[in-house]
K.L.:
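Got a structure for you, questions after.
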Amino acid sequence: QVQLVESGGGLVQAGGSLRLSCAPSGRTFGTYGMGWFRQAPGKEREFVATSSWSGGTTYYADSVKGRFTISRDSAKNTVYLQMNSLKPEDTATYYCAANRNRAVMNGGGVDYWGKGTLVTVSS
């Protein structure tokens, strides 16, 4: 019954920055791996970044390494995605994902999805 709510999407020029956030809509218990995926029009959903419950372990898709940073507040089960040096190819709907007691990983299953927030990067 956990629901995730994303915010922070919008329109930005190439080279600009946005910060996305994701938090559960209600009280949660235990530990959660959390991460981000994105889906552009006409393309499959792709992995972007993931963080362990403690935030001590992170992993990024090659396409965003050095530009995006994932962080989290474990006490609130809130995860953030700081996106810098944005490119038009970053345009997509970004989805928050969470797994109970396991990591969110590329190619792995996801227990909970957010509804998505649209990021549009103009050229």
Side-chain angles (χ1 to χ4, degrees):
Q1 299 203 83
V2 174
Q3 292 186 321
L4 305 176
V5 180
E6 305 101 330
S7 63
L11 175 64
V12 65
Q13 290 184 301
S17 299
L18 286 173
R19 189 191 190 196
L20 308 182
S21 63
C22 171
S25 61
R27 181 178 297 176
T28 58
F29 299 93
T31 60
Y32 291 82
M34 300 187 75
W36 294 90
F37 291 75
R38 67 185 183 186
Q39 187 168 23
K43 296 184 178 180
E44 295 183 349
R45 188 170 299 187
E46 65 175 345
F47 169 80
V48 176
T50 189
S51 175
S52 63
W53 176 83
S54 67
T57 301
T58 59
Y59 182 79
Y60 300 89
D62 288 342
S63 60
V64 305
K65 286 181 179 178
R67 300 188 298 119
F68 291 10
T69 302
I70 187 170
S71 61
R72 64 184 299 172
D73 181 346
S74 295
K76 300 179 180 179
N77 283 317
T78 301
V79 65
Y80 306 92
L81 187 69
Q82 179 66 45
M83 305 184 294
N84 298 327
S85 301
L86 283 162
K87 305 174 181 179
E89 50 263 45
D90 294 318
T91 295
T93 298
Y94 285 70
Y95 297 90
C96 180
N99 283 335
R100 293 174 299 193
N101 301 313
R102 64 189 178 97
V104 170
M105 299 185 296
N106 184 27
V110 173
D111 293 334
Y112 306 104
W113 288 103
K115 293 182 178 180
T117 185
L118 179 62
V119 172
T120 302
V121 184
S122 62
S123 60

K.L.:
Going by side-chain contact (heavy atoms from CB on, under 4.5 Å), name the residues that satisfy it together with Lys43, two or more places apart in sequence or in a different chain.
P.N.:
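Testing Lys43 for side-chain contact (heavy atoms from CB on, under 4.5 Å), a comparison that skips the adjacent residues, returns Ala40.
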K.L.:
Between Ser21 and Ser7, does a side-chain hydrogen bond (donor to acceptor under 3.5 Å, both in side chains) hold up when you go through it step by step?
P.N.:
CA-CA 5 Å; Ser21 63; Ser7 63; 2.7 Å; yes
K.L.:
Could you work out, with side-chain contact (heavy atoms from CB on, under 4.5 Å) as the rule, every residue matching Thr69, not counting sequence neighbours?
P.N.:
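With neighbours one apart ignored, the set is Tyr60, Gln82.
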K.L.:
In the structure I gave you, are the side-chain heavy atoms of Leu86 and Phe68 within less than 4.5 Å of one another anywhere?
P.N.:
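Of all side-chain heavy-atom pairs linking Phe68 with Leu86, at least one is under 4.5 Å.
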K.L.:
Would you say Tyr112 and Met34 are hydrophobically clustered, going by side-chain heavy atoms of ILVMFWY under 4.5 Å?
P.N.:
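Result: yes, single cluster for both.
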K.L.:
Return yes if some donor-acceptor pair links the side-chain N/O of Glu6 with the main-chain N/O of Gly116 below 3.5 Å, else return no.
P.N.:
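Here the side-chain-to-backbone pair exists.
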K.L.:
So Arg72 and Thr78, do their side chains get closer than 4.5 Å, heavy atoms only?
P.N.:
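They are not in side-chain contact.
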K.L.:
If you measure from NZ on Lys115 to SG on Cys22, what distance do you get to the nearest 0.5 Å?
P.N.:
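Interatomic distance, Lys115 NZ to Cys22 SG, rounded to 0.5 Å: 13.0 Å.
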K.L.:
Linking Ile, Leu, Val, Met, Phe, Trp and Tyr by side-chain heavy atoms under 4.5 Å, what else ends up with Val5?
P.N.:
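Besides Val5, the hydrophobic cluster comprises nothing; the residue is isolated.
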K.L.:
Under the 3.5 angstrom rule, does the side chain of Ser52 hit a backbone N or O of Thr57 as a donor-acceptor pair?
P.N.:
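At least one qualifying donor-acceptor pair exists.
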K.L.:
Could you list who else is in Leu11's hydrophobic cluster, with ILVMFWY side chains joined at under 4.5 Å, directly or through other members?
P.N.:
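Members other than Leu11 - counting any ILVMFWY side chain reachable under 4.5 Å - there are none.
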K.L.:
Can you list the residues that meet the salt bridge (Lys or Arg N to Asp or Glu O under 4.0 Å) rule with Arg102, with sequence neighbours excluded?
P.N.:
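Expected list: Asp111.
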K.L.:
Please confirm whether the backbone N or O of Ala92 pairs with a side-chain atom of Arg38, one donor and one acceptor, at under 3.5 Å?
P.N.:
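No, because the side chain of Arg38 does not come within donor-acceptor range (under 3.5 Å) of the backbone of Ala92.
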K.L.:
Output the rest of the hydrophobic cluster of Tyr95: all Ile, Leu, Val, Met, Phe, Trp and Tyr residues reachable through side-chain heavy-atom contacts under 4.5 Å, sorted by chain and number.
P.N.:
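Other cluster members: Phe37, Phe47, Tyr59, Val104, Val110, Trp113.
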K.L.:
If we only count heavy atoms from C-beta on, is the Leu20 to Thr117 side-chain gap below 4.5 Å?
P.N.:
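In short, these two side chains touch, coming nearer than 4.5 Å.
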K.L.:
Is there a path of hydrophobic side-chain contacts, each under 4.5 Å between heavy atoms of I/L/V/M/F/W/Y residues, joining Val64 to Val12?
P.N.:
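Yes; tracing contacts between hydrophobic side chains, which count when under 4.5 Å, links both residues.
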K.L.:
Just wondering, do Thr58 and Thr50 contact through their side chains at under 4.5 Å, heavy atoms?
P.N.:
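Sidechains of Thr58 and Thr50: no contact.
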K.L.:
Report the distance from atom CD of Gln3 to atom SG of Cys96, rounding to the nearest 0.5 Å.
P.N.:
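Nearest 0.5 Å value for the CD-SG distance: 12.5 Å.
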K.L.:
Do Tyr80 and Leu18 belong to the same hydrophobic cluster, where Ile, Leu, Val, Met, Phe, Trp and Tyr are linked whenever their side-chain heavy atoms lie under 4.5 Å apart, directly or via other members?
P.N.:
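Different clusters: Tyr80 never reaches Leu18 through Ile, Leu, Val, Met, Phe, Trp or Tyr contacts under 4.5 Å.
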